[in-house]
Amino acid sequence: MKATTLLALVVCALAAAPRVPQPAYEEPLRPRVHFTPPRNFMNDPNGLVFYKGEYHLFYQHNPFGATWGHMSWGHAVSSDLLHWQNLPVALPEENGVMIFSGSAAVDWHNSSGLCAPGADPSCLIAVYTGHGHGRQTQNLAYSNDRGRTWTKYSGNPVIDLGLENFRDPKVFWHEPTRRWVLVTVLSDQHKVRLFGSEDLRTWKALSDFGPAGATGGVWECPDLFPLSVDGDPTDVRWVLDVDINPGAPQGGSGGQYFVGRFDGTTFVNENSPGTTLWADAGKDFYATISFSDIPEADGRRIWIGWISNWQYANQEPTEIWRGAQSIPRVLGLLRGPEGIRLVQSPVAELETLRTGGTVTVPQSRSEVLPPSADIQLDIPRGQWREAGLRFSNSAGEEVLVGVTSSPEAFVDRRRSRRESWHAEYPARHAGEVRWIDGRITMRVLFDRSVLEVFVNDGERVMTDRVYPVAPYDRVEWIGQMPDGARARFWELASVWTQAAR
Ligand code: DQQ
């Protein structure tokens with residue numbers, strides 16, 4: 001047989017063979033409920049904004065590979081904060097300038113002069129850090145078609161201090177002083193620098209905050225927003241969120257926050273400069289940013305964090321894609337025994353994904369664990385040292401989530417993956433918690449390779465990735481179930497069943 005005939009036969013045979021469909025978003029470690037990029041690398045969430053019925057999620061993205069590089073803004077939109085539609089890269093790297101982290105807001109009255117003339121004077125504005133040619137500057141981009149296409153402002157950069165470490169602008173409109181405020185970091189000086197502007201294009205420095213709190217690494221991705229204490233609208237504090245890398249309690253990167261007052265010019269910390277408050281006691285929660293322009297009638301302050309740690313973000317053992325975002329979390333302030341503290345809980349929309357009835361984890365045997373689950377634990381004080389759940393699989397891997405009698409909440413992922421992949425990964429992470437009326441409640445969002453744990457309605461939160469070689473498909477109590485304890489869960493439906501759009 002001639003070679004050409006053979007080739008033709010092989011081609012025909014291949015064409016005729018039934019093709020095994022590779023279901024999109026069904027890669028073994030890909031979360032079903034958390035946002036992940038269709039392909040390639042993702043880190044910080046950027047430009048979170050609500051506009052004309054859509055939540056926009058931009059994110060630090062390498063369009064060309066599964067490790068950090070060529071940073072650009074990836075983009076997705078959603079009407080419910082859960083089902084995301086992937087859109088093309090919004091802001092690409094250009095002329096040797098990468099698009100680092102930043103924020104977006106609605107310019108409702110065209111104060112920038114960049115919105116298209118017409119009946120509706122509003123448009124979307126993004127403020128991002130341009131990284132290249134030895135420095136970091138702050139820049140504008142705008143969109144007049146609901147975020148579908150973006151134009152970089154011709155007068156960029158709008159702020160250039162000639163610094164190598166000056167980044168991550170968060171913009172918001174401050175109504176009492178009727179101006180825009182921009183929150184940035186002078187990363188290696190451990191300072192937040194605030195700027196003010198009437199038109200988003202010309203900025204003047206307002207004040208500096210810091211050093212304060214944790215300063216063991218560079219400061220990144222700041223945010224500043226008001227929240228009422230215990231839900232009382234007459235008792236308002238401002239939260240200044242500043243991420244740090246390295247120097248977080250579990251090693252590597254993590255988020256800290258300050259609580260205080262803000263008059264439109266200066267942030268005043270209510271705690272001593274030596275007080276450090278951490279947003280999360282796990283190891284994988286970084287670069288948080290909150291949504292802009294959520295309607296007043298909704299009134300929620302919602303943020304998202306990147307579920308990873310710079311110690312190993314580039315080596316996570318996933319394929320095709322790398323990086324996950326947290327479930328959007330609603331923020332509040334609670335006056336507790338030690339002062340005013342941040343509380344976080346998953347957006348209520350998540351409950352719409354609960355499917356089927358609740359399943360109770362029985363006392364003395366394991367239960368089948370679905371790939372994604374919303375788990376509720378209620379543990380009374382008693383004669384036990386450690387209580388909680390074990391998630392395990394046929395490969396002998398396990399991750400433990402629970403509380404000790406001290407009490408502290410913990411996630412133990414030391415035996416969570418058989419194959420070692422990074423020295424900084426296997427560990428037990430713990431955070432102090434308290435008894436409330438003699439009980440501790442935990443809500444655990446399990447999503448294939450993600451664990452988000454909310455203790456006592458989000459007084460303490462722990463976020464950790466896990467990378468089993470086979471799915472964790474069993475759940476059981478660690479040791480004896482304490483008297484009067486209860487663990488039950490709902491399976492969560494995949495948000496990608498209809499679309500990897
Ligand atoms: N990631 C971005 C920076 C930011 C850092 C670069 C935080 O803008 O400071 O990808 O993860």
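Atoms within each ligand, like the ligands themselves, are counted from 1 in listed order. These values consider heavy atoms only, across backbone and side chains, with no hydrogens, waters or symmetry-generated copies. Quantities reported herein were computed from a predicted structural model and do not represent experimental measurements.
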Engineer: Angle class for the Phe391/Phe446 ring planes (parallel below 30°, perpendicular above 60°, tilted otherwise)?
Structural biologist: parallel

Engineer: Quick one: sort the Tyr25 and Trp496 rings into parallel, tilted or perpendicular, breaks at 30° and 60°.
Structural biologist: parallel

Engineer: Just by distance, do the side chain of Arg148 and the backbone of Arg146 share a donor-acceptor pair under 3.5 Å?
Structural biologist: yes

Engineer: Going by the atom numbers of ligand 1, which of them fall below 4.0 Å from some non-hydrogen atom of Tyr286?
Structural biologist: 7 (C), 11 (O)

Engineer: What atoms of ligand 1 come within less than 4.0 Å of a heavy atom belonging to Ser101?
Structural biologist: 2 (C), 8 (O)

Engineer: Output all residues satisfying ring-ring contact (aromatic ring centres under 6.0 Å, His included) with Trp173, sequence neighbours left out; order by chain, then residue number.
Structural biologist: Trp180

Engineer: Please state which option from Asp243, Ile99, Asp168, Asn165 has its nearest heavy atom closest to atom 4 (C) of ligand 1.
Structural biologist: Asp168

Engineer: Which residue and non-hydrogen atom of the protein lie closest to atom 1 (N) of ligand 1, and at what distance in Å?
Structural biologist: Asp44 OD2, 2.8 Å

Engineer: Considering both backbone and side-chain atoms of Trp306, is one of its nitrogen or oxygen atoms within less than 3.5 Å of a nitrogen or oxygen in ligand 1?
Structural biologist: no

Engineer: Which ligand 1 atoms, with their elements, are less than 4.0 angstrom from a heavy-atom of Gln60?
Structural biologist: 2 (C), 6 (C), 10 (O)

Engineer: Measure the acute angle between the ring planes of Phe58 and His75, then classify it against the limits of 30° and 60° as parallel, tilted or perpendicular.
Structural biologist: parallel

Engineer: Could you tell me whether the side chain of Tyr425 and the main chain of Arg465 form a donor-acceptor pair under 3.5 Å?
Structural biologist: yes

Engineer: Pick one of side chain, backbone, both or neither for how Thr129 approaches ligand 1, counting any non-hydrogen atom pair under 4.0 Å.
Structural biologist: neither

